[in-house]
Amino acid sequence: MSRPVRVRFAPSPTGYLHVGGARTALFNWLFARHHGGVFVLRIEDTDKSREKETAVQIIYDGLRWLGLEWDEGGDKGGPFGPYHQTERNDIYHRYLKVLQRQGLVYEDEGAVRFRSPRRPVVVDDEICGRVEFDRSLEPDMTIRRPDGSWIFHFANVVDDIEMRISHVIRGEDHLSNTAKHIELYQAFEHEPPRFAHLPLILNQDGSKMSKRDEGASVGSYIEAGYAPEAVRNYLCLLGWSPKDNREMIPIEEVIALFDLNKINRRNAAFDLNKCLWLNGQYMRQMSLERFCELSLPFLRAANIKTPDTAYLLQVLVLVRERVKLFGEVPEWVNYFFTDHYSYDPAAVAKALGKPGALDRLVQLAEAFRQIPDWRADALEAGLKSVAAKAGLKAGEFIHPARVAVSGRAIGPSLYHMLEVLGRDRVLSRLERTIGRFSREQV
RNA sequence: GACCCUAUCGUCCAGUGGUCCAGGACACUCCCCUUUCACGGGAGUAACACGGGUUCGAAUCCCGUUAGGGUCGCCA
């Protein structure tokens, strides 16, 4: 009864990895890890498209990005291969013969059909419970096309038998199909695996999530700059819960707590907003090294050169609290790495356009030149004393200064920003800004 | 249409007959912190789909209705 736990994720290479599929993979992986079992990746590529190579690669990349490494299959091989259905023809033929010998199949216009026993079938599902299907009115299913290729239901069952799959954990869209599958298991006189049908992931409006929908593809999270651990955490929360109101939960704990019968039976709508929030949480709690590692690809893509790692880390500390996606990092830090930053017109108009703003920058630059110890607290004291002397509020200096050194109205704490930028950059940027906007008569 | 699954705040989840005039999180509103933007802290709005049962007692059990989703392919 207690066979070794072997589960599989069996995607077909469609050119993208759907979040629903990713969650199915995740739950299979969690189940395998919880039980010390094996997680198999099988590619259901019965229909051979030209894009297959890249489509399969996209699946590998998506799963690996999420940290869902498989034990067998895919590009790894294993004792029950091959793991691509197109390469398993001989096996399917062997199983077809078994059915033929029993007279359970017949030809119909060149296709091969399986003769249904038309008896009620009971699916004892780990998640949905006992479900009974009346099969008496169902048409016989096709298992092979006239061109010799195999139909999903047949190949799927044969593979699960051959690969010794103990638990089939898949989307609820397969619940009805399971009755057909069980008829096949019976015909092969093979005990069916345990079944667990996961509720589906829907769009925010309750409609079915399809390829086009925002956030439907795992690739979109990679591109936007999500942390994989955050997306994975979010996916865990869709249909499963640690039961103690925690939102952020380490994957090791999820593995320890994971249990099929604690899975919700209700479809879940994908809340991109919450996923984004969770990502922000992860960004703030991960190590600075990790933060840097995940930022780097985006900095490179934005052509931002960061030769000085120590400086880069200081910069990242400043923006870490303010971003929710790694994709946002470049726009937040670019002026730390180049003097050729652009000035946001609205920010310029607001902060530098005020009467006397440039004068105040002159005073500020003068005061900053006298500061011996270029640190945030000294800069703050310096700025405040200049403001006091002028009889103005600190803000009258802060805002122009920010725009002058960064070109924008939004950014990290001014004093810390100045400290990290360093004396030379700050002073030259102040001067440059004064010169430029005096000429332009802002 | 037939069959199957589901039904707690807008969304995700907690709740498995009394401790629930229902708890947490996201989002939203307000306040505090901060002369930027965020973070953080605090407060608030907001739900047991409906109708019947069962029971001393129901969000929790049963039936029906309605709604949503799924399956009925020589797609997977």
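Throughout, protein chains are lettered first and strands after them, A, B, ... in sequence-line order, and every chain is numbered starting at 1.
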What nitrogen or oxygen pairs link the protein and nucleotides 3-5 of chain B at under 3.5 Å?
unit_1 : atom_1 : unit_2    : atom_2 : d
C5(B)  : O3'    : Arg265(A) : NH2    : 3.2
C5(B)  : O2'    : Glu172(A) : OE2    : 3.2

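- Residue-level contact check: His197(A) touches neither bases nor backbone, having no heavy atom under 4.0 Å from any strand.
- Under 4.0 angstrom from either OP1 or OP2 of A76(B) there lies at least one side-chain N or O belonging to Arg145(A).
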Check the interface with nucleotides 40-44 of chain B: list each N/O to N/O pair with the protein under 3.5 Å, or write none.
unit_1 : atom_1 : unit_2    : atom_2 : d
G40(B) : OP1    : Gln281(A) : NE2    : 3.2

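- Between Arg42(A) and Asp160(A) there is a salt bridge, with a side-chain nitrogen of the basic residue lying less than 4.0 Å from a carboxylate oxygen of the acidic one.
- As rounded to the nearest Å, A7(B) and C63(B) have P atoms that lie 13 Å from one another.
- When every heavy atom of Ala347(A) is checked against every heavy atom of Val403(A), the shortest pair comes out as O-CG2, 3.9 Å.
- We find that CG of Leu257(A) is positioned 13 Å from P of A14(B), with the value rounded to whole Å.
- With no hydrogens or angles considered, no side-chain donor-acceptor pair links His197(A) and His174(A) at under 3.5 Å.
- A straight line from CG of Leu272(A) to C1' of C12(B) spans 13 Å, rounded to a whole angstrom.
- Backbone-only engagement by Pro139(A) is indicated by non-hydrogen atom pairs under 4.0 Å involving sugar-phosphate atoms exclusively.
- Heavy atoms of Asn177(A) sit under 4.0 angstrom from at least one base atom.
- Counting to the nearest Å, the C1' atom of C75(B) and the NZ atom of Lys180(A) are 11 Å from each other.
- On the C1' atoms, A14(B) is 13 Å away from A47(B), given to the nearest whole Å.
- Nucleic acid contact class of Glu247(A) (heavy atoms, under 4.0 Å, all strands): base.
- Looking at heavy-atom distances under 4.0 Å, Ala269(A) makes contact with sugar-phosphate atoms alone, never a base.
- Using a 4.0 Å heavy-atom criterion, one finds that Leu200(A) contacts the sugar-phosphate atoms exclusively.
- Each of A14(B), C74(B), G70(B) was ranked by its minimum atom distance to the side chain of Ile151(A); first place goes to C74(B).
- A donor and an acceptor atom, one from each side chain of Ser217(A) and His18(A), are nowhere located under 3.5 Å apart.
- Picking from C37(B), A27(B), C12(B) the nucleotide with the shortest atom distance to the side chain of Ile410(A) gives C37(B).
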Would you be so kind as to tabulate the donor-acceptor pairs closer than 3.5 Å made by side chains of residues 375-384 of chain A, with sequence neighbours excluded?
unit_1    : atom_1 : unit_2    : atom_2 : d
Glu380(A) : OE2    : Lys384(A) : NZ     : 2.7

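- Residues Ser116(A) and Asp140(A) have side chains that never bring a donor and an acceptor to within less than 3.5 angstrom of each other.
- Under the 3.5 Å distance criterion, with hydrogens and angles disregarded, a donor-acceptor pair is assigned to the side chains of Glu162(A) and Tyr95(A).
- Pair check for C12(B) finds G24(B); Watson-Crick or G-U wobble, both atom distances under 3.5 Å.
- Nucleic acid contact class of Asn264(A) (heavy atoms, under 4.0 Å, all strands): sugar-phosphate only.
- Salt bridge Glu72(A)/Arg8(A): absent, no basic N to carboxylate O contact under 4.0 Å.
- For the OP1/OP2 pair of G69(B) and a distance below 4.0 Å, the side-chain nitrogens and oxygens of Arg266(A) include no atom meeting the criterion.
- Residues Asn233(A) and Glu229(A) have side chains that never bring a donor and an acceptor to within less than 3.5 angstrom of each other.
- Residue Ser413(A) has its side chain nearest to U36(B) when only C26(B), G23(B), U36(B) are considered.
- Pair assignment for A67(B) gives U6(B), based on Watson-Crick or G-U wobble hydrogen-bonding distances that are each under 3.5 Å.
- With A38(B), A76(B), C26(B) as the choices, the nucleotide that has an atom nearest any side-chain atom of Glu321(A) turns out to be A38(B).
- If you check every strand for non-hydrogen atoms under 4.0 Å, Lys243(A) touches sugar and phosphate atoms only.
- Glu396(A) has a carboxylate O that lies under 4.0 Å from a charged side-chain N of Arg360(A), or vice versa, which qualifies the two as a salt bridge.
- Here the separation of C13(B) from U8(B), taken at their C1' atoms, is 10 Å to the nearest Å.
- Between the side chain of Lys274(A) and the base of A25(B), a donor-acceptor pair under 3.5 Å is found.
- With a glycosidic angle more than 90° from 0, C56(B) adopts the anti conformation.
- Remark: Lys208(A) does not engage Asp213(A) in a salt bridge, criterion side-chain N to carboxylate O under 4.0 Å.
- Counting non-hydrogen atoms under 4.0 angstrom, Ala268(A) reaches the backbone sugars and phosphates but no base.
- Base pairing of C74(B) is not made with any nucleotide, judged by Watson-Crick or G-U wobble geometry with both donor-acceptor distances under 3.5 Å.
- Here Gly280(A) lies out of heavy-atom contact (under 4.0 Å) with every strand.
- A salt bridge links Arg246(A) and Glu253(A); the closest N-O separation between the charged side-chain nitrogens and carboxylate oxygens is under 4.0 Å.
- In this structure, A47(B) forms no base pair with any nucleotide, since neither Watson-Crick nor G-U wobble geometry is met with both distances under 3.5 Å.
- In this structure, His416(A) atom NE2 and U36(B) atom P are separated by 13 Å, rounded to whole Å.
- The Leu238(A) side chain lies nearest to C12(B) when the options are C72(B), C12(B), A76(B).
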